[in-house]
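Source: prediction; values computed, not measured. Order of listing sets the numbers, starting from 1, for every ligand and every atom in it.
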Amino acid sequence: MKLVRYGEPGRERPGLWLTDRGAPEILDVRGTAFDIADYDAHFFTHWGIERLRGLLLEKNQKRFPAAGVRLGPPIATPTNLICVGKNYADHATEFDSKIPAEPVLFAKSPSALIGAEDPIHIPPTFSEVDAEAELAIVIGAPSRNLSEANALEHIAGYTLINDVTERRAQREAGQWFRGKSFDTFAPIGPYLVTPDEIPNPQNLHIRSRVNGTLLQDGNTRNMLFPLARILAYSSSTLTLQPGDIIATGTPSGVGFARTPPVLLRAGDTIEIEIESIGSLKNPVR
Ligand code: MG
């Protein structure tokens, strides 16, 4: 299944993205099961995904054409938006040549989350805005001290996140939170794809393009720390909450490391994609 949240920013409703009748449609989940308020912690811990499977079996489904409908982040604002830095050897090398021995965790503000085609805003007085295409995992149950052997069972689904970064703020702040957390710096979506549709999350092509020109072209098989290790490591630090998002790092090819650098400018369009999940295409303002 592909879960979406649609409608105006801040007032999104939960839906399901359906293509079984040809042109994409959205199933209005709240219109059919009005106790499903949103894709939030309550939803994930109260058999929400199983209930959605039930809705698909019902005869009277409230559907409408998806064309022209704004998609917001596919999950409600989470408690934690955790990122893994330097999780691909080629990107660690282009960043500062240091290969980490353990996963590098940092925080990004969940208030930066925006939808699949929403504009990214360059903050006034900054000029080194860069994009990072990343696979994101969403937690399905409270998770503490997971073992690598069964960690993937705690994933509610997969999505795509652009870990937009202002490089000067990242460099000058001494830590990364500021450079990663400006408003609009976390496009995510377009769907939350359930794990049954992603049989091997460690073999997915991941790409980014600026104005159609390919920048990043990687594969999740090249992660230094695979998803199971990331989940075990992060859940040994804090209890992961249902709906929490973990951005799992970006492959090489990011703009600031190129010669000459390719940094985002007003008027650009940044597109990132992961096979089996979809793409995000955000204008830059
Ligand atoms: Mg990143």
Side-chain angles (χ1 to χ4, degrees), residues 73 78 80-100 102-114 120 122-123 126 128-138 158-189 201-202 204-210 215-227 229-231 233-234 237 244-258 261-264 270-274 277 279-280 282 284:
N80 295 298
L81 171 50
I82 299 167
C83 301
V84 184
K86 307 203 299 181
N87 197 28
Y88 292 76
D90 52 1
H91 175 63
T93 302
E94 73 180 2
F95 188 82
D96 62 6
S97 302
K98 294 179 192 144
I99 305 291
E102 298 274 16
V104 176
L105 302 185
F106 65 91
K108 189 172 173 90
S109 176
S111 60
L113 291 166
I114 58 170
I120 297 166
I122 296 179
F126 287 95
E128 297 183 40
V129 177
D130 201 358
E132 297 186 353
E134 308 195 7
L135 174 66
I137 52 184
V138 174
Y158 299 93
T159 187
L160 173 60
I161 192 166
N162 190 340
D163 178 19
V164 180
T165 306
E166 209 292 331
R167 299 298 179 189
R168 178 163 67 83
Q170 182 185 30
R171 208 167 50 236
E172 293 180 351
Q175 42 75 37
W176 297 354
F177 181 80
R178 186 177 189 224
K180 299 280 188 178
S181 295
F182 288 100
D183 289 348
T184 74
F185 271 25
I188 189 167
Q202 300 289 174
L204 299 172
H205 282 290
I206 177 166
R207 297 187 181 90
S208 71
R209 292 183 181 83
V210 174
L215 289 189
Q216 294 180 277
D217 187 5
N219 190 295
T220 57
R221 79 167 86 91
N222 296 322
M223 286 183 186
L224 290 169
F225 305 104
L227 304 180
R229 175 83 181 111
I230 291 168
L231 283 164
Y233 187 81
S234 53
T237 310
D244 277 0
I245 301 166
I246 303 178
T248 61
T250 201
S252 66
V254 297
F256 90 100
R258 307 178 78 90
V262 180
L263 295 161
L264 298 179
I270 172 69
E271 183 173 15
I272 66 173
E273 65 176 26
I274 296 183
I277 294 181
S279 67
L280 304 175
N282 301 90
V284 181

Partners meeting ring-ring contact (aromatic ring centres under 6.0 Å, His included) with F177 (sequence neighbours left out):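 If we apply the ring-ring contact (aromatic ring centres under 6.0 Å, His included) test to F177, skipping adjacent residues, there are no hits.
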Checking E166 side chain against P123 main chain: does a donor-acceptor pair fall under 3.5 Å?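 Absent.
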With distance as the sole test, does D130 use its side chain to make a donor-acceptor pair with the main-chain N or O of T165 at under 3.5 Å?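 No.
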Apply side-chain contact (heavy atoms from CB on, under 4.5 Å) to the pair L227 and T220, showing each step before the final yes or no. CA-CA 9 Å; L227 304 180; T220 57; over 6 Å; no
Check K86 with E132, please: is the shortest side-chain N to carboxylate O separation under 4.0 Å?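 Not counted as a salt bridge, because no side-chain N and carboxylate O are separated by less than 4.0 Å.
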Please indicate how many protein N/O/S atoms are found closer than 2.8 Å to the Mg ion (ligand 1), with waters neither displayed nor included.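 My tally for this metal is 3.
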Check step by step if salt bridge (Lys or Arg N to Asp or Glu O under 4.0 Å) holds for R209 and E273. CA-CA 9 Å; R209 292 183 181 83; E273 65 176 26; 3.6 Å; yes
